[in-house]
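What follows is a set of notes on a single structure, which appears directly below.
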Amino acid sequence: MPRRLLVTSALPYANGAIHLGHLVEYIQTDIWVRFQRMRGHEVHYVCADDTHGTAIMLRAEKEGITPEQLIARVRDEHMHDFAGFHVGFDHYGSTHDAQTRAVVEDIYRKLRDDAKLITTRPVEQFFDPVKSLFLPDRFIKGTCPKCGAKNQYGDACEVCGSTYNPTDLIDPYSTVSGATPVRRSSEHWFFQLGRCEAFLRPFTQDVRADGTWFLEQPEARNKIREWFDAGLADWDISRDAPYFGFEIPDAPGKYFYVWLDAPIGYLGSFRHLCDRDGGPDFADFTDPQRAQAAGTELVHFIGKDILYFHALFWPATLHFAGYRPPTHVYAHGFLTVNGEKMSKSRGTFITARSWLDLGLDPEWLRYYYAAKLNASMEDIDLNLDDFVARVNSDLVGKFVNIASRSAKFVVERFDGVLADVPASQWPDDLPPRTELLEQIARHYDARDFGKAMRDIMAVADTFNAQVDRVAPWVLAKAPGEAVRLHQACSQFLDGFRFLAVALSPVLPALAARAGAFLNDPSMQRWEAAERPLPAGHRINTYEHLMTRVDPKRIAALVDANRDNLQPAAPAAVAAPSTPEPAVVTDTAPATPVPGDAPSAVAPVAPTISIDDFAKIDLRVARVAEAHAVDGADKLVKLILDVGSEQRQVFAGIKAHYTPEALVGRHVVMVANLAPRKMRFGESQGMVLAASFDGGGGVFLLDLDPGAAPGMRVK
RNA sequence: GGCGAAUUAGCUCAGUGGUUAGAGCAGCGGAAUCAUAAUCCGUUGGUCCGGGGUUCAAAUCCCUGAUUCGCCA
């Protein structure tokens with residue numbers, strides 16, 4: 001029977017760029033979702049931006065825009081990043097929308113009026129008298145009471161490691177205004193978590209009738225048990241104005257704390273899906289009785305840092321508000337890069353955007369994560385040397401190579417038509433075909449992607465060894481061996497197809513290309529791998545499916561993410577839309593002072609019609625490679641990615657830009673200019689740049705973030 | 001400080017009481033030349049963090065120490 005799943009990834013905060021650490025979770029969830037879909041299950045995968053809180057409010061203020069403008073921009077960036085890594089949400093919402101607000105208010109009213117779990121009492125907090133703002137701990141700094149270190153945060157000292165309350169700080173100051181905060185009391189609203197223990201303890205600690213657990217990971221259950229043992233305290237769910245969020249009903253000037261509405265954003269986002277024509281029924285997934293009858297599941301993928309919220313507050317608020325609590329929470333570990341915490345100064349705080357902008361294949365990362373992920377909460381390490389070796393060896397050397405070394409024979413010798421491959425013809429040194437497939441499926445289902453990848457690569461190894469043993473290149477030269485050659489290559493392609501199906505959840509784009517090559521739309525289903533394509537099936541010409549990772553490009557990625565700037569003052573704004581540091585800091589030509597322009601401004605050329613202008617096909621292109629040209633005074637050789645193809649262009653900008661500074665940036669090119677033979681090769685287009693005729697610098701056109709190779713400029 | 005997790009080959013990791021601890025990559029030696037240098041065969045390499053204990057049997061269970069990383073609402 002098909003499962004009916006509502007699956008979520010945790011909501012990223014609308015205050016910064018998506019980086020490789022975030023992507024562990026979205027890629028993990030997306031792989032699991034794609035796998036479940038291939039197996040024929042009904043899956044709704046939703047997420048949203050987490051948009052509320054003091055930090056968003058202050059950030060917008062600094063940028064001189066409204067919080068609504070800030071979160072709209074960041075959401076747009078986040079959605080681009082996720083799409084770039086093939087994370088396929090069915091809906092990507094925002095916690096700041098009517099759908100989420102409606103569920104927040106409904107849950108709150110039921111907790112207050114029906115469950116009677118809301119209470120109020122005054123709380124004394126630091127208050128910034130200049131900004132008229134209650135200050136969260138992270139916006140207060142001062143001198144450590146233990147060791148005397150200056151400029152320490154309100155909760156812990158980074159120098160001596162001791163922890164304390166913000167009120168213990170010596171000479172505290174507000175990082176927002178610099179003012180000395182004062183103590184002020186205010187009424188706060190609380191959710192009485194302590195009264196939920198009778199529900200929460202068995203819910204989180206006991207195995208269910210069907211043998212499953214809310215928390216399948218024993219280490220997660222242990223962690224939660226620790227918190228029970230420490231005692232559950234009431235949870236402060238209110239914040240005072242000014243605050244960016246939802247106002248609490250019947251409590252003017254009081255707002256819901258961001259962590260109350262963040263998980264409710266899952267349901268708000270899901271509501272959008274339900275409101276579409278033919279969408280799922282909201283109550284089937286949220287009402288306890290309806291959900292039970294419909295057999296639906298609610299599954300959350302999260303980082304281990306937010307287990308507390310998802311395993312205690314969230315089930316409690318849902319349950320006591322008359323909603324169905326989640327069926328599963330899966331927590332994963334953090335990402336380290338080269339064995340250490342991600343670091344801006346080391347360049348290992350790598351953003352999703354920089355990965356995509358530098359033209360690195362997102363599926364390289366998806367595969368590497370899959371190979372490292374298991375069902376536990378352990379951290380995983382992205383070792384960049386290992387990454388290059390692993391992706392090149394497994395994906396290019398093993399997997400893609402099987403198709404690459406057998407397709408040509410089938411296409412050239414047998415007109416692309418496959419020979420009969422009996423389903424029973426499966427390498428002896430592997431487990432039986434369907435058994436192996438089920439084993440891999442169990443690993444995927446249990447989120448043991450690393451085990452799945454190991455099993456899959458063992459198949460690739462076996463087939464490569466078989467190709468060597470059969471030696472089709474020998475058969476091809478031997479007269480009378482055509483039948484054996486045909487059968488052997490068809491069998492190798494069957495092995496490749498098996499692998500492509502098994503890897504589809506991890507490598508959806510590559511699998512789609514493999515499906516196009518094999519001319520086989522059925523590969524979107526897991527069962528497609530159970531048996532070979534029928535004899536007589538015609539495949540298409542093989543085109544290379546994946547290129548190798550060049551270690552130099554990984555080095556360039558790290559360079560692009562390295563923060564070379566002086567440590568910024570806390571007040572400094574780092575807009576996420578800032579172009580790549582490599583572009584703005586490297587060898588930028590001296591800014592000419594207007595009065596210094598060495599020559600007169602040229603007169604405007606004769607008027608042309610819009611039709612004349614339309615003849616020029618201007619395209620956004622990404623500089624994939626840039627090389628100095630030996631023997632040329634002015635030229636730089638550029639390899640431009642214009643989306644559909646690559647162009648070689650010689651640009652006369654050597655005096656103004658170093659090749660290193662150009663790689664990865666976007667430029668505007670004339671795409672339909674007649675190719676021109678030059679001494680060093682053919683130039684297939686022209687890159688637009690501004691200059692005065694008499695000299696004084698050449699300035700390439702820059703593009704705002706979001707522009708992608710192949711877009712037409714008009 | 002309290003609690004928890006981790007530590008296995010040069011690297012990344014499997015391996016939760018049962019032969020002589022495994023894989024991939026890297027290294028070394030050979031083969032092959034179909035494949036966008038991609039492959040195959042063979043091979044080197046380990047005090048399973050240190051110490052103690054339980055057991056017929058320990059990488060695996062217990063105690064203890066070291067180091068690293070988390071969590072402490």
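The sequence lines fix the lettering, A, B, ..., with proteins before strands; numbering per chain opens at 1.
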In whole angstrom, what separates A:Asn392's CG from B:rG24's P? 17 Å
Taken to the nearest whole Å, CZ/A:Phe387 to P/B:rA26 is 16 Å
Output one line per pair: protein atom, nucleotide atom from nucleotides 2-11 of chain B, and distance, for all N/O pairs under 3.5 Å.
unit_1 : atom_1 : unit_2   : atom_2 : d
B:rC3  : O2'    : A:Glu226 : OE1    : 3.4
B:rC3  : O2'    : A:Glu226 : OE2    : 3.0

Take atom P in B:rU44 and the same atom in B:rU60, then report the distance between them in whole Å. 26 Å
Which nucleotide in the list B:rC69, B:rC71, B:rU39 gets nearest to the side chain of A:Phe334? B:rC71
Between A:Arg183 and A:Gln125, do the side chains contain a donor N or O and an acceptor N or O under 3.5 Å apart? no
Between A:His328 and A:Trp213, does any side-chain donor sit less than 3.5 Å from a side-chain acceptor? no
What is the ring orientation for A:His319 with A:Phe199, classed by angle as parallel under 30°, tilted 30 to 60°, or perpendicular over 60°? parallel
Are any of A:Lys372's side-chain N or O atoms less than 4.0 Å away from OP1 or OP2 of B:rU12? no
When you match A:Val467 and A:Phe313 each to their closest nucleotide on RNA chain B, which lands nearer the 5' end? A:Val467
Testing B:rC69, B:rG70, B:rA35 for proximity to the side chain of A:Arg405, the answer is B:rA35
Does A:Gly231 reach a base, just sugar-phosphate, or nothing at all? Heavy atoms under 4.0 Å. base
Given Watson-Crick and G-U pairs under 3.5 Å, RNA chain B in dot-bracket ([ ] crossing, | other strand) is (((((((..((((....[...)))).(((((.......))))).....(((((..]....)))))))))))).
In whole angstrom, give me the gap between the C1' atoms of B:rG10 and B:rC3. 35 Å
With no hydrogens and no angle check, just 3.5 Å: does a side-chain donor-acceptor pair link A:Asp429 and A:Thr462? no
So, applying ring pair (Phe, Tyr, Trp, His ring centres under 6.0 Å) with A:His310, which one of A:Phe301, A:Tyr266, A:Tyr330 is it? A:Tyr266
Under 4.0 Å between any heavy atoms, over every strand shown, what does A:Ala233 touch: base, sugar-phosphate, or nothing? Just pick one. base
Check every strand shown and say whether A:Asp381 touches a base, only sugar-phosphate, or nothing at a heavy-atom separation below 4.0 Å. sugar-phosphate
More than 12 heavy atoms of other residues, nucleotides or ligands under 6.0 Å from CD of A:Glu124: is that the case? yes
Candidate list A:Asp50, A:Ile237, A:Ile306, test side chain to side chain contact (heavy atoms under 4.5 Å, CB included), partner A:Trp259, passing option: A:Ile306
Nearest-angstrom distance, C1' atom, B:rG18 to B:rA31: 40 Å
Length of the line joining A:Tyr367:OH and B:rC13:P, which is rounded to integer Å: 14 Å
Counting the atoms with a prime plus P, OP1 and OP2 as sugar-phosphate, which does A:Phe409 contact under 4.0 Å by heavy atoms, base, sugar-phosphate, or nothing? sugar-phosphate
When the P atoms of B:rU8 and B:rC69 are considered, how many whole Å apart are they? 15 Å
Assess whether atom CZ of A:Arg201 is packed by more than 12 heavy atoms of other residues, nucleotides or ligands within 6.0 Å. yes
Whole-Å distance, A:Ile224 CD1 to B:rC72 C1', equals 13 Å
Can you tell me which residue among A:Glu25, A:Gln28, A:Gln217 is in a side chain to side chain donor-acceptor pair (under 3.5 Å) with A:His332? A:Glu25
Taking any heavy-atom pair under 4.0 Å as a contact, classify A:Leu193: base, sugar-phosphate, or nothing. nothing
Round to the nearest Å and state the distance from A:Lys398 atom NZ to B:rA23 atom P. 12 Å
For atom CD1 of A:Ile380 and atom P of B:rU68, their distance in whole Å: 22 Å
Those residues that, when tested against A:Thr547, pass side chain to side chain contact (heavy atoms under 4.5 Å, CB included) (two or more places apart): A:Trp364, A:His544
Whichever of A:Leu312 and A:Thr547 has its nearest RNA chain B nucleotide further upstream toward 5': A:Thr547
Of B:rG70, B:rG24, B:rC71, the nucleotide closest to the side chain of A:Asp394 is B:rG24
Considering only the C1' atoms, how many Å lie between B:rA9 and B:rC25, rounded to the nearest integer? 12 Å
What residue among A:Leu430, A:Ile402, A:Leu437 forms side chain to side chain contact (heavy atoms under 4.5 Å, CB included) with A:Phe498? A:Leu437
Atom CG of A:Asn374 to atom C1' of B:rU16: distance rounded to whole Å? 15 Å
Residues in salt bridge (Lys or Arg N to Asp or Glu O under 4.0 Å) contact with A:Lys408, at least two apart in sequence or another chain: none
Please work out whether the ring planes of A:Tyr444 and A:Phe35 are parallel, tilted or perpendicular, with thresholds of 30° and 60°. parallel
A:Phe496 and A:Phe399 aromatic centres sub-6.0 Å: yes
If we take the C1' atom in both B:rA23 and B:rG15, what is their distance in whole Å? 10 Å
Can you pull out the residues from residues 448-466 of chain A that lie within a 4.0 Å heavy-atom distance of RNA chain B? A:Lys451, A:Arg454, A:Asp461, A:Asn464, A:Ala465
Could you go through A:Gln487 and A:Asp420, starting from their C-alpha distance and side-chain angles, then the distance that decides it, and tell me whether this counts as side chain to side chain donor-acceptor pair (under 3.5 Å)? CA-CA 7 Å; A:Gln487 283 177 338; A:Asp420 184 44; over 6 Å; no
With rounding to whole Å, what would you report as the distance between B:rA57 and B:rC41 at their P atoms? 40 Å
Whole angstroms only, please: what is the CG-P distance between A:Asn401 and B:rU33? 16 Å
Pick from A:Arg405, A:Lys398, A:Arg469: which one makes a side chain to side chain donor-acceptor pair (under 3.5 Å) with A:Asn464? A:Arg405
Residue-level proximity of residues 471-507 of chain A to RNA chain B when a heavy atom falls under 4.0 Å: A:Trp473, A:Lys477
Rounded distance in Å between the C1' positions of B:rG4 and B:rA21: 28 Å
